[in-house]
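What you are looking at is a predicted structure, and each value in this text was computed from that prediction instead of being measured. The residues of the chain are indexed from 1 along the displayed sequence.
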Amino acid sequence: MENGGLSHASCSMNFIPGRRHLILNSGALALGAWLPAGAAAATPFDAEIERFLKAYWALLPGAAVDAGQYAAAARLPAPTEGYRQAQLKFAAEWLKRLERLGRTSLSPAQQGDLALLDNHLRGLQWVLTELRSDQWNPSEYNVAGPFSELLNKDFAPLPERLKLIDQRLQQVPAYYRAALKQIRQPSVEHLRLAIRQNRGALATFQADIPKAMAEAGLPVSKAMAGHNAAALQAVEDFIAGLQKIEAGLGSRGRSFRLGKALFEQKFQYEIQATIDAQGLYQRALAEKEALHQRMDGLAGQLWAGLFPGMVQPADRLERIARVIDKLSERHVSAERYVDEIKAQIPVLAQWVEQHDLLSMDPSRPLQVRATPTWMRGVSGVSISAPGPLDPTGVTYYNVDPLDDYTPEQAESYLREYNHWVLQILNIHEAVPGHYVQLLHSNKSPSKVKALFGNGAMVEGWAVYSERMMLESGWGGGEPEMGLMYSKWNLRVVCNAILDHGVHVLGMSEQQAQQLLEREAFQSRTEAAQKWVRVQVSSVQLSSYFAGFSEILALREQLKAAQGTGFKLKAFHEEFLSHGSAPVKMVSALMKKAHAAKP
Ligand code: ZN
Ligand code: ZN
């Protein structure tokens, strides 16, 4: 699902677009064991990449924890001006070293790795010197995420994890003192988000850490309890400091809107598409109109069966909305929800094999499970995958059970994930979406692509796979499936329109509501949540449609060039073999490879 909650930006330098529902759970074991000690210097290229990663993680322990390098969590650098300068120095030095590495003879895969790192470091420089969100987005300052990881991930015995937590706790006061000094003219929206999210962090120190300490019965617990109390106080002081800023802000706050120049640049670094943000926006507007026309035709076909003897509304959007509303009544019961997802996965896998769309890998099975409690409430469903060097590791499809929902909430959720949409969700998350993409990218393991991979390619593939499954005949050409798929696809298209509309064109809340509720058939609640998200994020909402439309365009270009020689399965497997590289890069490599063939 893409409409999950807001992602935690626990590390301000985490420039990698958030994989909000694809959790690359590489884990300490998998990444640590990636290159055995003796093999680390297998080639000069690998050795230099290893040195880069070591230095990168030393500088940015938050990124190290994200990558499963938990030992780094002992350090929590304070976001001072000196720390910003250290990162700029690091970026400049490594851009030079990587450029030197690029002059040696490299495979296309290695060139791809270098291009990703180059883009990442230039993006980091841009964030630190141009975007400067460290000054206006206080929600970048929050220490809760890595503490939760350390408490909940079972990578070492609890007493050892608590030792790391204790070391980290001692640095929390300095962290928040520096953070408060860094803030200049924030936007009121980001300020309020920071207050809300740091309030959410309080429970970590009030409840979670004391509970874990009691469980472990550590001898050092008295000193640690003091460190924990000081950390708690530091969060409270930070919140009080933010409230003071808010009170004095008046109308002098910065706009939450990024504006055209910054939006275009951020789009270049994060999406790495063949077109610019303005071009994607135009493409999305055209796609919205095409979808409306298609949906109107399908709604017309379905009307008489659903509403016998009733006159159709004259307005096409109203007509479509009525049909969608009626069809949404068909859904599984709350009790059957998890079992239904379990039952669909093997059927989808068999379809993919029988229709020769992609090869599957039975040695890396997908296991559907109820989401572990501590991970719940973010996105509804998610994929947790082991690292590439763990060939028999299980990939989990986490499904939040609907137990905690009131009957009304469950009904509303199930209407949204109705008979048809639930199938599309499983295609997107699992087969042949995220889970199958990972199976393929793990065949040519690249640490760089796993860590610095392109979010638009990953999401774009999952969105593309929905379209491709329907093209292969999934759903039997039923107009109901066609209509529900179009509604789902319209969400991705309208995310891109909203993102650009709000940050570049000044779209108002009312205009956004009109777009989402009337033109994209979303509920009031969903539209309201999306408005919150678009105010405090930028470019990420465009990534799904960007990746999707770029993959589709590449496929059509190669199809036209190869004529009868074009084979869909071969296209998919070649595309996925490049790992999570930007579509623009894969596109160039594939066109070159095919042009070279006689
Ligand atoms: Zn119902
Ligand atoms: Zn996805």
Side-chain angles (χ1 to χ4, degrees), residues 1-6 20-21 291-292 295 298-299 302 306 317-318 320-344 368 370-371 376-383 397-430 433-434 459 462-463 466 469-470 475 478-495 498 512-513 515-534 541 544-545:
M1 271 167 65
E2 54 75 29
N3 64 334
L6 299 158
R20 96 186 28 255
H21 57 144
L291 282 168
H292 280 163
M295 291 171 89
L298 294 167
L302 289 162
L306 294 170
L317 294 176
E318 207 178 307
I320 298 168
R322 290 278 298 278
V323 173
I324 287 175
D325 193 53
K326 184 74 184 165
L327 290 178
S328 302
E329 289 170 7
R330 186 168 169 201
H331 60 74
V332 294
S333 65
E335 297 73 39
R336 278 274 313 148
Y337 170 67
V338 179
D339 288 339
E340 178 62 27
I341 291 177
K342 269 186 199 160
Q344 279 181 24
V368 182
T371 313
R376 282 187 199 173
V378 179
S379 68
V381 294
S382 61
I383 295 281
Y397 185 177
N398 308 306
V399 182
D400 286 17
L402 305 180
D403 306 352
D404 305 339
Y405 285 38
T406 65
E408 293 74 29
Q409 285 169 333
E411 173 66 14
S412 150
Y413 183 89
L414 291 165
R415 282 179 64 93
E416 181 69 29
Y417 294 93
N418 57 56
H419 175 73
W420 297 277
V421 173
L422 193 58
Q423 297 171 44
I424 301 166
L425 176 71
N426 289 328
I427 290 171
H428 178 106
E429 295 295 332
H434 290 315
E459 285 306 336
V463 176
E466 303 159 6
M469 283 293 274
L470 260 68
E478 278 185 2
E480 291 90 342
M481 179 59 98
L483 186 65
M484 284 299 182
Y485 164 73
S486 301
K487 184 202 164 192
W488 178 265
N489 194 236
L490 194 54
R491 176 151 85 182
V492 161
V493 172
C494 286
N495 278 346
L498 181 74
Q513 193 184 359
L515 172 74
L516 299 175
E517 290 183 35
R518 187 172 144 74
E519 296 197 73
F521 314 101
Q522 294 178 8
S523 69
R524 175 66 45 101
T525 315
E526 193 184 353
Q529 284 169 352
K530 193 59 64 72
W531 174 251
V532 174
R533 183 169 154 193
V534 74
L541 278 170
Y544 307 85
F545 181 63

Looking at Arg330 and Glu480, is any side-chain nitrogen of the basic one under 4.0 Å from a carboxylate oxygen of the acidic one? no
For a 4.5 angstrom cut-off between non-hydrogen side-chain atoms, does Glu526 reach Glu416? yes
Closest non-hydrogen atom pair between Ala512 and Leu498, with its separation: CB-CD1, 3.5 Å
Is there a donor-acceptor contact under 3.5 Å from the side chain of Arg415 to the main chain of Asp325? yes
Quick check: closest heavy atoms across Glu519 and Leu490, and the distance to 0.1 Å? O-CD2, 3.2 Å
Where do Gly380 and Thr371 come nearest, in terms of heavy atoms and distance? O-OG1, 4.5 Å
With side chain to side chain contact (heavy atoms under 4.5 Å, CB included) as the criterion, how do Glu459 and His428 come out once you've worked through the C-alpha distance, each side chain's angles and the decisive distance to 0.1 Å? CA-CA 9 Å; Glu459 285 306 336; His428 178 106; 3.3 Å; yes
Can you measure from CD (Glu478) to CG (Leu470) and round to the nearest 0.5 angstrom? 10.0 Å
Are Trp488 and Leu425 close enough that some pair of their side-chain heavy atoms sits under 4.5 Å apart? yes
Heavy-atom pair with the smallest gap, counting every atom of Phe521 and Lys487: O-CE, 3.3 Å
In the structure I gave you, are the side-chain heavy atoms of Ile424 and Met481 within less than 4.5 Å of one another anywhere? yes
Centre-to-centre under 6.0 Å for Tyr417 and Tyr337, is that the case here? no
What distance separates Glu329 CD from Leu306 CG, expressed to the nearest 0.5 Å? 9.0 Å
Within the 4.5 Å heavy-atom criterion, are Arg518 and Gln513 side-chain neighbours or not? no
Quick one: OH on Tyr544 to CG on Asn495, what's the gap to the nearest 0.5 Å? 7.0 Å
Looking at CG of Leu402 and OH of Tyr413, how far apart are the two atoms once the value is rounded to the nearest 0.5 Å? 6.5 Å
Could you report the tightest heavy-atom contact between Ser382 and Glu429, atom names first, then the distance? CA-OE1, 4.2 Å
Gap separating the CG atom of Leu483 from the CD1 atom of Ile320, nearest 0.5 angstrom: 7.0 Å
Cys494 SG to Lys530 NZ distance, which is reported to the nearest 0.5 Å: 9.0 Å
Closest heavy-atom contact between His331 and Asn418? CB-CA, 3.8 Å
For Met295 and Ile324: C-alpha separation, side-chain torsions, deciding distance, then whether side chain to side chain contact (heavy atoms under 4.5 Å, CB included) applies. CA-CA 10 Å; Met295 291 171 89; Ile324 287 175; 3.9 Å; yes
Any Glu340 side-chain heavy atom under 4.5 Å of Glu335 side chain: no
Quick one: does any side-chain atom of Ser412 pair with a main-chain N or O of Glu408 as donor and acceptor, under 3.5 Å? no
